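Here is the structure we will look at, set down as structure tokens.
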Amino acid sequence: MECIVQGIIETQHVEALGILLQGLCGVQKEQLRIHELCLKSVPNLGSVSSEVKILCDLVPPETTWTVRHVGGSMRGAGADQISVLVRTMVESKASKNVLRFFYALGYKLDHELLRVGFAFHFHRGAQISVTVSSINKMLKLHATDDAVPVTPGMQLVEVTAPATSENYTEVVAAMSSFCEHLAPLLHLSKPGISTGVVPTAAAAAASLMSDGGGTTL
Amino acid sequence: MPLKWVFYWKPNPGTTVNSQILAEVSQCAEAINGIKDGRWKVNLTYYKPIFRDQAAVSEIPRDFIGMSLPERPNKFYFTLKNHRIVVEADLSIQNIMEKLQSYRSRVTLVFEGVQYKLGDFQLRVGKVVPSHQETLRGIVMEVEYLPISSMEKSRQIMDDFTGIWQETLAKRSLPGQFVCTEPNFSEFGLADNYTPQHTAVQYATVMADLIASAQSVTSVRN
């Protein structure tokens, strides 16, 4: 399982967000460049139609491949009351021919995109990952070098943490608490519930840029 | 990593595999001063497609194999023989396959037995049984040479060792022999340097041979 919230931020404030995250996390940011291929099963294969994502991490020195399956999210009154989405998610690292393998099994490419940005991975009550990335589409099949932004001037922020059915309430609490620190720059919510940019972003970004993120939050 | 050749027991026409043969092969390993060095186990599962209605989709493979190998206990291997694909993944890939509900794991076969140490070689002899059953479906043997990872450089010494071993076995006049069909590893994108993927491809080949061998026995009977 994983816990996840998302938000958007204007590209002009991304540098300030990076400074804020650096101060909060105390770890170095990592470069992010992931080619994401979303595959769907051909008609009639499987008891239900299924989707799987193949992620290719393009950051040097070596490209690595991951298979990711995102399942249904937690439902019910309890799930509605929390501000974080809890869903099943399974990942597996794989050898570089895994895409060919899934094609052979009867999966077809539905769409592909390229995420470019940075990420922070740190422990703060839970193993939290924050990614800030622009989503790019390819004009030609697999042409990652010629990708263009889907939403120019806007970037996606995702905060995720792995969880289990036993510990997800603690993970949700840790994530919610962390996300409050980002509130001046962006609002984070469950995927699919867009809350837009926050009006205080420009002022907060200006403040962060002027003191270089030295302020302890 | 050390390299290995995987053999299966091919019974003579009109005969079948039985546990007495396995016992004699084990005795033979001890007779040439093989020192018992623990047990080994490989799990191999056949995955078959699930179709929503009766009409099968023509381009979908009839089955593929997933297996766990003792040399990489935290990894899982898939082989798709007709497509010449061998994939290495984490153990969690089994969970993903289950959640996709496009293929179902049908039959699991267990290869297990005793490991013998003979100088720089390791010899593993074991039975092939369906999981949770005791019905003997075959006998397999792994010959592993520890010092070298290159398939080509080790070929001579592997040939010499298996030659001596086969001669020793022949003296017992057992009703069959160990056979190794070397797959064309380069077709699977595998190089000369031995990896667990080489082992996975060998097991997939052994399975195909075992099935073909069992089918030929059935046709002889009929």
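Treat the numbers as computed from the prediction; the structure is a model and nothing was measured. All chains are named by letter (A, B, ...) in the order of the sequence lines, taking the proteins before the strands, and each is independently numbered beginning at 1.
Contact of A/Tyr103 with chain B is not made at all, since no heavy-atom distance falls under 4.5 Å. Looking at B/Phe76, neither its backbone nor its side chain comes within 4.5 Å of chain A, counting heavy atoms on both sides. Interface remark: B/Leu80 contributes side-chain atoms only to the contact with chain A (heavy atom separation under 4.5 Å). Contacts of B/Tyr47 with chain A are absent, with no heavy-atom separation under 4.5 Å from either backbone or side chain. Neither the backbone nor the side chain of A/Ser41 comes within contact range of chain B; no heavy atom of the residue lies under 4.5 Å from a heavy atom of that chain.
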Trace of the side chain to side chain contact (heavy atoms under 4.5 Å, CB included) decision for A/Gln22 with A/Gln28: CA-CA 7 Å; A/Gln22 183 89 61; A/Gln28 285 299 313; 3.8 Å; yes
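The choice from B/His83, B/Gln197, B/Arg104 that makes the most heavy-atom pairs within less than 4.5 Å of chain A is B/His83. The most heavy-atom pairs under 4.5 Å with chain B, out of A/Ala94, A/Ser95, A/Gly106, come from A/Ser95. Chain B forms the most heavy-atom pairs under 4.5 Å with one residue out of A/Thr88, A/Val98, A/Val52, A/Val90, and that residue is A/Val90.
Residue A/Lys40 places its NZ atom among 12 or fewer non-hydrogen atoms of other residues, nucleotides or ligands, all under 6.0 Å distant. Counting non-hydrogen atoms of neighbouring residues, nucleotides and ligands closer than 6.0 angstrom, the NZ atom of A/Lys190 exceeds 12 such neighbours.
Looking at A/Asn136, its side chain does come within 3.5 Å of a backbone N or O of A/Leu114 through a donor-acceptor pair. Under the 3.5 Å distance criterion, the side-chain polar atoms of A/Asn97 are matched with a main-chain donor or acceptor of B/Val86. Under a 3.5 Å cut-off, the side chain of B/Ser149 and the backbone N or O of B/Met1 do form a donor-acceptor pair.
Residue B/Arg124 forms a salt bridge (charged side-chain N to carboxylate O under 4.0 Å, His left out) with just one option from B/Glu71, B/Glu142, B/Glu112, and that option is B/Glu142.
For residues 62-77 of chain A, the interface with chain B (any heavy-atom pair closer than 4.5 Å) comprises A/Val67, A/His69, sorted by residue number.
Taking the six-membered ring for Trp and thresholds of 30 and 60 degrees, B/His198 and B/Phe185 have ring planes inclined between 30 and 60 degrees apart. Using cut-offs of 30° and 60° for the angle between ring planes, the A/Phe178 and A/Phe122 rings count as tilted.
Residues A/Thr164 and A/Asn167 have side chains that bring a donor and an acceptor to within less than 3.5 angstrom of each other.
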